[in-house]
2 protein chains.
Amino acid sequence: MQTRRRIPEATVARLPVYLRILSEQFDIDVTKISSEELAELAGVNAAKVRKDLSYLGSYGTRGVGYEVEFLVYQIRRELGLTHNWPVVIVGAGNMGQALAGYNGFGDRGFTVGGIVDIDDAKVGSVVGGVRVRHLSELTQVVEARNISIGVIATPGLAAQGAADALVAAGVTSILNFAPTVINVPPGVSVGKVDLAVELQILAYHEQRRINAAKGSSLVSVPGESRRRASA
Amino acid sequence: MQTRRRIPEATVARLPVYLRILSEQFDIDVTKISSEELAELAGVNAAKVRKDLSYLGSYGTRGVGYEVEFLVYQIRRELGLTHNWPVVIVGAGNMGQALAGYNGFGDRGFTVGGIVDIDDAKVGSVVGGVRVRHLSELTQVVEARNISIGVIATPGLAAQGAADALVAAGVTSILNFAPTVINVPPGVSVGKVDLAVELQILAYHEQRRINAAKGSSLVSVPGESRRRASA
DNA sequence: GAACGTTTGTGCACGTTTTCACAAGACGTC
DNA sequence: GACGTCTTGTGAAAACGTGCACAAACGTTC
Ligand SMILES: NC(=O)c1ccc[n+]([C@@H]2O[C@H](COP(=O)([O-])OP(=O)(O)OC[C@H]3O[C@@H](n4cnc5c(N)ncnc54)[C@H](O)[C@@H]3O)[C@@H](O)[C@H]2O)c1
Ligand SMILES: NC(=O)c1ccc[n+]([C@@H]2O[C@H](COP(=O)([O-])OP(=O)(O)OC[C@H]3O[C@@H](n4cnc5c(N)ncnc54)[C@H](O)[C@@H]3O)[C@@H](O)[C@H]2O)c1
């Protein structure tokens, strides 16, 4: 019982997408949905949807589909979204402020439980309804609200320090916006969002399109032809 | 020749990370580097680094390592970063403004070539040195600077419309910040950055840690024990 | 209650990605 | 120029993820 069935990482990354779609469907009074319909909305294969959902248990009805409300509940439970998670943001610059002021968080299970910065000019100001505290108060902020998730929105050079501070304060999951690889002790999870990396991947595909058009111009028109889509 | 050796998607996603690290090393006068060292800095396995780099060609020297400057050049070339890509941003809200004002772009191969919004109150204002134009001028903006990459920073409900507008304007790669699946015709690449999804993945891991601690509390102390790290 | 259309749940084959393991090549030393 | 040390480049195995295809289960209709 303790280990519980393990869900593949690839599936874990898709469950939030299903969850959002299902919540939206529920809001417009859709009560049941087939794997085919959900797959269409999520931009994936129907078999994949079924296999993903099967990791949660057998909650569909053959010949009918899945009950939307129940599925929402099950995914929430599996992702640990039955309660809201307070998050602490380190770095109150452009990014930190945009995040703190973002309303789309609450709906999806998170609240900004605190925000800290090292710059005295920023400490004390209020962003997104939360007062910016000094980095030195991080542990206090984390403990007061029992926070376990931290977001790094400092410049790259300060990111490792921020990670160390978060870990020292007791945070066990970190989402890193800085374009830097951070090291954390075992038992701490790290996710990253690197804008430039995403753009560079797109640039690669653009480049390939250009090369392909050049290479095949002897044969066909240089219009597009390569497939790849959705997300 | 036209197809050129195809690089696995997983490798394409790591090349930007190597590139950033190598550029940093070059800046501090490191001239050569082994796969072991690069792996350490990138937080991955050394064999993976070697295999990834092998897709670019045999540019290392056995017994010695790789020449940093040459590797930087090769990765840039492969990713299509030998020139700067102008990018157009759709949506000049919090996110769009943070992106437009972000300086870290230029270093990594991109410039903000334009930014558009539908809100007349925002049109005409200047963010990040670029004047916000109206959505209706999108095609004009895209064509004037020959832009092929677009970023969507509108609310979720407007995202599909923004994607359609970008495609109609001639953009062939899109990075989507809105929490919505967008559909595009074949030949157009899409990348997404969904903050809430990333946080929900972390929440899942937190939840598992909690469940594991509960389940094993009969046996061991409820401290951390599960591994997982880096990025 | 049998026949039928529908949709799930999953075994299986396939493709992709990771990791191991080691031969081959480069360099330095004697 | 032979030897030892180091590090690459890459087959081959293992692990992981995807998608097909179909039996099993459900609801409906007659
Ligand atoms: N702005 C963007 O659109 C964007 C896009 C992609 C990535 N990023 C990344 O996000 C991070 C933040 O970007 P930004 O534009 O908000 O930068 P910013 O300079 O506006 O803000 C950084 C903030 O971090 C604070 N800070 C510095 N050192 C700190 C420390 N040790 N502890 C706590 N706070 C500290 C600074 O005082 C400042 O308020 C950067 O790493 C950047 O590369 C930003
Ligand atoms: N702010 C954040 O930290 C954050 C975090 C994660 C995701 N996001 C996502 O990024 C997107 C933008 O967020 P935001 O905080 O900047 O929102 P925002 O409301 O501040 O800005 C949205 C902007 O888009 C413009 N817009 C609306 N419809 C448009 C259209 N059809 N064409 C062009 N422009 C249009 C609006 O006028 C507004 O200026 C949202 O989808 C949000 O979910 C934001």
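So you know, we letter chains A, B, ... as the sequences are listed, proteins then strands, and number each from 1. Values below: all heavy atoms of this structure, side chains included; hydrogens, waters and symmetry mates excluded.
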Item checked: Nucleotide of C:dA26, C:dT17, C:dT8 approaching B:Thr61 most closely (side-chain heavy atoms) -> C:dA26
Item checked: Phosphate OP1/OP2 of D:dT18 contacted by A:Arg14 side-chain N/O (<4.0 Å) -> yes
Note to self: Can a donor-acceptor pair be found, under 3.5 Å and without considering hydrogens, that links the side chain of B:Trp85 to the backbone of B:Gly80?
What the structure shows: yes
Notebook entry, point to check: Does A:Tyr66 have its ring centroid less than 6.0 Å away from the ring centroid of A:Tyr59?
Noted result: no
Checklist line | Side-chain N or O of A:Ser34 closer than 4.0 Å to phosphate OP1/OP2 of C:dT7 | finding: no
Notebook entry, point to check: Does a nitrogen or oxygen in the side chain of B:Tyr66 sit under 4.0 Å from OP1 or OP2 of C:dA26?
Noted result: no
Check: Expressed in angstrom and rounded to an integer, what is the separation of B:Ile33 atom CD1 from D:dC6 atom P?
Finding: 18 Å
Notebook entry, point to check: Are A:Ser35 and C:dT8 close enough that a side-chain N or O sits under 4.0 Å from OP1 or OP2?
Noted result: yes
Check: Quick one: B:Lys32 NZ to C:dA26 P, roughly how many Å, whole number?
Finding: 15 Å
Next item on the list: Please tell me which of A:Gly63 and B:Glu36 maps to the more 5' nucleotide of DNA chain D, matching each residue to the nucleotide holding its nearest heavy atom.
Entry: B:Glu36
Notebook entry, point to check: Separation of A:Asp52 atom CG from C:dG9 atom C1', in whole Å?
Noted result: 13 Å
Item checked: Close side-chain approach of B:His205 to B:Ile201, heavy-atom, < 4.5 Å -> yes
Check: OP1, OP2 of D:dC20 versus side-chain N and O of A:Asn45: anything below 4.0 Å?
Finding: yes
Checklist line | Rounded distance (Å) that lies between atom P of C:dT16 and atom NZ of A:Lys48 | finding: 13 Å
Check: Do any N or O atoms from the side chain of A:Arg145 and from the backbone of A:Gly113 form a donor-acceptor pair under 3.5 angstrom?
Finding: yes
Notebook entry, point to check: Touch check for A:Ala47, heavy atoms < 4.0 angstrom, all strands: base, sugar-phosphate only, or nothing?
Noted result: base
Check: B:Lys51 NZ to C:dT16 P: how many Å, rounded?
Finding: 14 Å
Notebook entry, point to check: In whole angstroms, how far is the P atom of D:dA21 from the CZ atom of A:Arg50?
Noted result: 13 Å
Check: Atom CD of A:Glu37 to atom C1' of C:dT7: distance rounded to whole Å?
Finding: 11 Å
Notebook entry, point to check: Does A:Gln160 use its side chain to pair, donor to acceptor, with the backbone of A:Asn183 at less than 3.5 Å?
Noted result: yes
Notebook entry, point to check: Are any of A:Tyr55's side-chain N or O atoms less than 4.0 Å away from OP1 or OP2 of C:dT10?
Noted result: no
Next item on the list: Figure out the CZ/C1' separation between B:Arg62 and D:dG4, and round it to whole Å.
Entry: 17 Å
